[in-house]
**Q** 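Have a look at this one.
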Amino acid sequence: MLILTCPYCGIEADETELSPGGEAHLKRFGPGSTDEAFETYLFHRENPKGVHFERWRHAMGCGKWFHAARCTVTLEVFGTYSAQVTEPPAEIREKITTKRPGWSWRGIE
Amino acid sequence: MYDPVGALQPGTYAGFAEVQVLPPQGMIVVRGDLSDGALQSAVTAAVPLAMPGQTGASFENGRGIFWMSPDELLLMCPYAEVAGHVDSIGKALAGTHHLVADISDARAVFAVDGVDAREVLGKLTPADLAPSVFGPGSFRRTRLAQVPAAVLCETDNRFVLVCFRSVAGYVHELLKTAAIPGSEVGYWRD
Ligand SMILES: [Zn+2]
C-alpha cells in the first residue's frame with residue numbers, strides 16, 4: 001500500500017484516495033513538432049527499477065494535482081511536491097541522493 | 001419557500017452504533033482566495049465562527065465552516081438562511097474571482113452515533129481514524145468504500161458525514177451494513 005502526503009492539504013492519503021496521473025514532468029510536443037518528438041511525447045515513458053517521478057491527484061480529497069518521488073522497487077516515498085514545477089525541486093533531489101547515491105532519471109540527478 | 005426534501009427520509013438505524021439520516025442541512029460552497037480578508041469577513045459574517053486553518057473545522061449548534069481545499073470552504077447553517085447568506089457573500093465578493101453557491105440539495109448528511117461509532121467508519125475508509133489522530137474537532141475528506149465523503153469527528157462518540165446526494169442510498173446501505181449488531185471489530189477498545 002502506498003501512502004502519499006498531499007502537499008496542498010497535508011493529508012496522508014491512501015493510494016485508493018488518489019488518482020494516478022502517470023509520469024511526471026512531460027514536456028508537450030504538439031502541432032508543428034516533428035513526428036519523432038510527437039511520438040516520444042505521446043508514447044515513450046520511463047519504466048525504471050528504482051527512483052521514479054509521478055503525477056497524482058488527491059481525487060477523494062482536495063482535488064489537487066501534485067507530484068511524488070518514490071522508489072518503484074521498495075515503494076519508499078522520497079517526497080511529494082507542488083504541481084507548479086517542471087522538474088523535481090532541489091530539496092527532493094537531495095533527499096534522494098542521500099538515500100540512492102548516483103541515481104538519475106531522464107537526465108536529472 | 002418550499003419544504004426541503006432530502007434524498008432519504010430522516011430516521012435512525014439501530015446497529016451497534018446508531019446510523020442517523022439527518023434532515024436537510026443548509027450548505028454553501030465558497031471558493032476563492034481563503035487568505036483574502038474580504039472573503040474571510042464575508043464568510044464569518046454569515047457563519048459567526050472562527051476561520052478554520054488547513055483541514056480544520058469550526059462548528060457549533062448546526063453551523064460550521066469547513067476547510068475543503070486550499071481554495072474551498074463548506075459552510076453549514078440552517079436551511080432557511082442559505083439564500084440570504086449566498087446573496088450577502090456574493091455581494092461582498094463582487095468583482096473578485098470567487099464562487100458561492102447553494103449546495104444544500106446536492107448533498108446528504110448522516111451521523112453515526114454511539115460508543116463504537118468509530119468502528120463503523122473504520123470499516124469503510126482508509127483514513128487513519130485512531131483517536132489520537134482523528135479526535136473531536138477533526139475533519140477530513142476521504143472515501144467511504146467507493147464514493148467520496150467528508151467526515152467530521154464531533155465527539156469521540158459521534159461522527160457527521162457529508163456525501164453527494166446521488167450516492168445517499170449507497171452510503172446509507174454501507175453504514176447500516178457496517179453497523180450490523182455483532183459485527184463489531186473492537187480495534188480501538190481499551
Ligand atoms: Zn489534498
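Source: prediction; values computed, not measured. Naming: A, B, ... by sequence-line order, numbering from 1 per chain.
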**Q** For a quick check, list the donor-acceptor atom pairs closer than 3.5 Å between chain A and chain B, or say none.
**A**
residue: A/Y8; atom: O; partner: B/Q54; partner atom: NE2; Å: 3.1
residue: A/T16; atom: O; partner: B/R143; partner atom: NE; Å: 3.4
residue: A/T16; atom: OG1; partner: B/R143; partner atom: NE; Å: 3.0
residue: A/T16; atom: OG1; partner: B/R143; partner atom: NH2; Å: 2.8
residue: A/E17; atom: OE1; partner: B/R140; partner atom: NH2; Å: 3.0
residue: A/E17; atom: OE2; partner: B/R140; partner atom: NH2; Å: 2.6
residue: A/E17; atom: OE2; partner: B/T142; partner atom: OG1; Å: 2.6
residue: A/G61; atom: O; partner: B/R141; partner atom: NE; Å: 3.3
residue: A/G61; atom: O; partner: B/R141; partner atom: NH1; Å: 3.2
residue: A/G61; atom: O; partner: B/R141; partner atom: NH2; Å: 3.3
residue: A/K64; atom: NZ; partner: B/D71; partner atom: OD1; Å: 3.2
residue: A/K64; atom: NZ; partner: B/D71; partner atom: OD2; Å: 2.8

**Q** Quick one: side-chain hydrogen bond (donor to acceptor under 3.5 Å, both in side chains) partners of A/T98, sequence neighbours excluded?
**A**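 Testing A/T98 for side-chain hydrogen bond (donor to acceptor under 3.5 Å, both in side chains), a comparison that skips the adjacent residues, returns none.
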
**Q** Could you tell me whether B/F59 atom CZ has more than 12 heavy atoms of other residues or ligands within 6.0 Å of it?
**A**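 Buried by this count: over 12 neighbours within 6.0 Å.
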
**Q** Grouping I, L, V, M, F, W and Y whenever their side-chain heavy atoms are under 4.5 Å apart, do B/V43 and B/V86 come out in a common cluster?
**A**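 Yes; B/V86 is reachable from B/V43 via cluster members.
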
**Q** Check the hydrophobic clustering (I, L, V, M, F, W, Y; side-chain heavy atoms under 4.5 Å; chains of links allowed) and say if B/L121 and B/V167 are grouped together.
**A**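 Per the 4.5 Å side-chain linkage, B/L121 and B/V167 are co-clustered.
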
**Q** Residues in salt bridge (Lys or Arg N to Asp or Glu O under 4.0 Å) with A/E109, at least two apart?
**A**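 Result, salt bridge (Lys or Arg N to Asp or Glu O under 4.0 Å) vs A/E109: none returned.
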
**Q** Show me the pairs that pass ring pair (Phe, Tyr, Trp, His ring centres under 6.0 Å) and involve residues 83-109 of chain A, at least two apart or across chains.
**A**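 Passing the test, one end in residues 83-109 of chain A: A/H52-A/W105, A/F53-A/W103, A/F53-A/W105.
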
